[in-house]
2 protein chains.
Amino acid sequence: MAQTDTVTRILDTAEVLFAERGFAETSLRTITSKAKVNLAAVNYHFGSKKALIQAVFARYLDPFTERFHATLDTLEREYDGRPIPLEVLLENMARTVLEVPAERNSLKVFMRLLGLAYTQAQGHLRGYIQQHYGSVFTRFTELVRRATPELPDAERFWRLHFMLGTVIFTLSGLDALRDIAEKDYGEHVSVRDLIRRLRPVVVAGMNAPLPEPPRAVAV
Amino acid sequence: MAQTDTVTRILDTAEVLFAERGFAETSLRTITSKAKVNLAAVNYHFGSKKALIQAVFARYLDPFTERFHATLDTLEREYDGRPIPLEVLLENMARTVLEVPAERNSLKVFMRLLGLAYTQAQGHLRGYIQQHYGSVFTRFTELVRRATPELPDAERFWRLHFMLGTVIFTLSGLDALRDIAEKDYGEHVSVRDLIRRLRPVVVAGMNAPLPEPPRAVAV
DNA sequence: CAACGTTTCAAACAGCCGTTTATCAGCAGG
DNA sequence: CCTGCTGATAAACGGCTGTTTGAAACGTTG
């Protein structure tokens, strides 16, 4: 039991520190001292710092993908071949995203990590995530395709990433934004509040009119 | 003239490397060796690595804020007190963003840097940017407020940041996304192309219907 | 009890980091 | 001519990095 204790204590500490400062800016010494664990424990249990970073992600993404697949299974059974409306798809994804970290730690940490995975160099991480969790994303986008048949494929691809940017950027920079909002509007904003505000914006963005075709290329 | 040459050579090299790898992951030795400059030159001309980072941003943001203020002056004169439509505001901001880096380097670098400023730890940078360039942002948001009088202040605040996230996230992760898009749809995407696609999405997001009020708080 | 594999621990490793120092070249004005 | 100043340069500074080592402590199994 002692080694499990050490492993989880390292993971718990590491995910918070990574989320706060990024990967390169968080040293193993900072992690191990704050976790009250010997420095060598990380290399003993995980092998390397890279492997620790991946393990931190796996602890969030494994249960997420499992639940999300199950959710999509239920939806597909329920709609029985008919396309699932975009709002329903987004609603269920949001619910799954909210459920998973609630059991462990704050949603904020999860979102910060996702944002870092995109923006920090860490090439190994992008590869790892794509390799391990690409399938659930592919499945989701295929369902979105059936929900928005009027959109050209390329347009939908870009709009999905626009919306991904909206969500990840907002939730990962949440602390800073929340401070400003609280100061300017005296209003405390919870994550659930933010998701409530995000939904109509995302739906409207996906359903926006098509852009005018590039000039000087008209037939 | 020799020292100017050294300074600009450092800045040119640093901005590219920062954009590629982030701040912490880019060492002064990497910068100076690639720029063919002595290691001590950075500390001599800029004082510290932090100051170099700020100088890299200033070289983009100074001309941007100047031009954007001028653009807003023209618009305000043209509309003479009447609110400037949201589309016009966005259109002009996009044009200014496109103009400035075109004279120096790629827009991609500029956008990557903006994204990093938000997501990398670097507390000093956020403070520096807010202090030096907050005024133009405040002016812009005030014009947006007049363009969208029906939006509650808090809602507009959040939607502006949603859209900021969309743009910065997309353009800063552009290389990776472009690779995927090119592979999947065989279609090469220029930055101008992307901005053309972004516009209707951003407008629709800002004009989305208001979210339903939080449950169980109804009067 | 003894031998075992597993986990912890302190110490050391080589390497890179940002910054500082001291020396030297080139050029200006007295 | 020489004194001062600006900038370039090589070398060194202390400190922090991820990783490895070998020995000690542990609990389990024979």
Side-chain angles (χ1 to χ4, degrees), chain A residues 1-59 113 116-117 120-125 127-128, chain B residues 1-59 113 116-117 120-125 127-128:
Chain A
M1 236 346 99
Q3 91 281 11
T4 302
D5 207 5
T6 299
V7 167
T8 61
R9 208 155 61 238
I10 291 176
L11 286 173
D12 288 344
T13 312
E15 69 176 24
V16 173
L17 291 175
F18 284 153
E20 282 176 359
R21 329 179 177 185
F23 304 117
E25 296 87 347
T26 307
S27 71
L28 293 185
R29 282 172 175 80
T30 309
I31 295 172
T32 52
S33 76
K34 191 159 238 169
K36 281 170 192 152
V37 166
N38 188 275
L39 168 61
V42 170
N43 286 280
Y44 176 77
H45 287 287
F46 297 93
S48 67
K49 186 180 180 181
K50 284 185 182 182
L52 169 63
I53 295 175
Q54 296 177 0
V56 166
F57 275 84
R59 205 165 58 140
L113 290 175
L116 291 181
Q120 303 256 76
Q122 301 292 338
H124 69 98
L125 225 197
Y128 173 83
Chain B
M1 240 340 103
Q3 91 280 12
T4 302
D5 207 4
T6 299
V7 167
T8 62
R9 207 154 63 236
I10 291 175
L11 286 173
D12 288 344
T13 311
E15 71 175 22
V16 173
L17 291 175
F18 284 153
E20 280 176 0
R21 330 179 176 186
F23 305 116
E25 295 87 347
T26 306
S27 71
L28 294 185
R29 283 173 173 80
T30 308
I31 296 172
T32 52
S33 77
K34 192 160 239 167
K36 282 169 190 149
V37 167
N38 189 275
L39 167 62
V42 170
N43 286 280
Y44 177 76
H45 287 286
F46 297 93
S48 68
K49 185 179 180 181
K50 285 185 181 181
L52 169 63
I53 294 175
Q54 296 177 0
V56 166
F57 275 84
R59 207 166 55 141
L113 290 176
L116 291 179
Q120 303 258 76
Q122 301 292 338
H124 70 98
L125 226 196
Y128 173 82

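Per chain, numbering begins at 1; letters A, B, ... match sequence-line order. The structure presented is a predicted model; accordingly, all values stated were derived computationally and were not measured.
Distance CG (A:Asn38) to C1' (D:dA25): 13 Å, rounded to an integer number of Å. Atom P of nucleotide D:dC26 and atom CG of A:Asp5 are separated by 16 Å, given to the nearest angstrom. Rounded to whole angstrom, the span from the CG atom of B:Leu17 across to the P atom of C:dC17 amounts to 12 Å.
In this structure, CG on B:Asn43 lies 9.5 Å from CG on B:Leu52, to the nearest 0.5 angstrom.
When the side chain to side chain contact (heavy atoms under 4.5 Å, CB included) test is applied to B:Thr32, the partners found at least two apart in sequence or on another chain are B:Leu39, B:Val42. With sequence neighbours excluded, the residues that form a side chain to side chain contact (heavy atoms under 4.5 Å, CB included) with B:Ala35 are B:Arg9, B:Thr13, B:Val37. Take A:Ala40 and apply the side chain to side chain contact (heavy atoms under 4.5 Å, CB included) test, not counting sequence neighbours, and it matches A:Asn38. Taking A:Ser27 as the reference, A:Thr30 meet the side-chain hydrogen bond (donor to acceptor under 3.5 Å, both in side chains) condition, with sequence neighbours excluded. B:Phe18 pairs by the ring-ring contact (aromatic ring centres under 6.0 Å, His included) definition with B:Phe23, not counting sequence neighbours. Remark: B:Phe57 engages no residue in a ring-ring contact (aromatic ring centres under 6.0 Å, His included) (not counting sequence neighbours). Remark: B:Ser48 pairs with B:Lys50, B:Ala51 by the side chain to side chain contact (heavy atoms under 4.5 Å, CB included) rule, at least two apart or across chains.
Residue B:His45 places no side-chain N or O under 4.0 Å from the OP1 or OP2 atom of D:dT6. Contact between the side-chain N/O atoms of B:Thr6 and the OP1/OP2 oxygens of D:dG7 is not found at any separation under 4.0 Å.
When all heavy atoms of B:Ala14 and B:Val56 are compared, the pair lying nearest together is CB-CG2, 4.1 Å. Closest approach of A:Ala19 to A:Leu113, counting heavy atoms only: N-CD2, 4.1 Å.
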Generate the contact string for nucleotides 14-20 of chain D. Rules: B means base contact, S means sugar-phosphate contact only, - means no protein heavy atom under 4.0 Å. ---BBBB
Extract from the structure each pairing of a protein N or O with an N or O of nucleotides 22-24 of chain C at less than 3.5 Å, listing the distance.
none

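Secondary-structure annotation of DNA chain D gives the stems C:3-27 with D:4-28, with a stem taken as at least 3 successive Watson-Crick or G-U pairs whose two distances both fall under 3.5 Å.
Exactly one residue among B:Arg59, B:Arg21, B:Lys34 makes a salt bridge (charged side-chain N to carboxylate O under 4.0 Å, His left out) with B:Glu15. That residue is B:Arg59.
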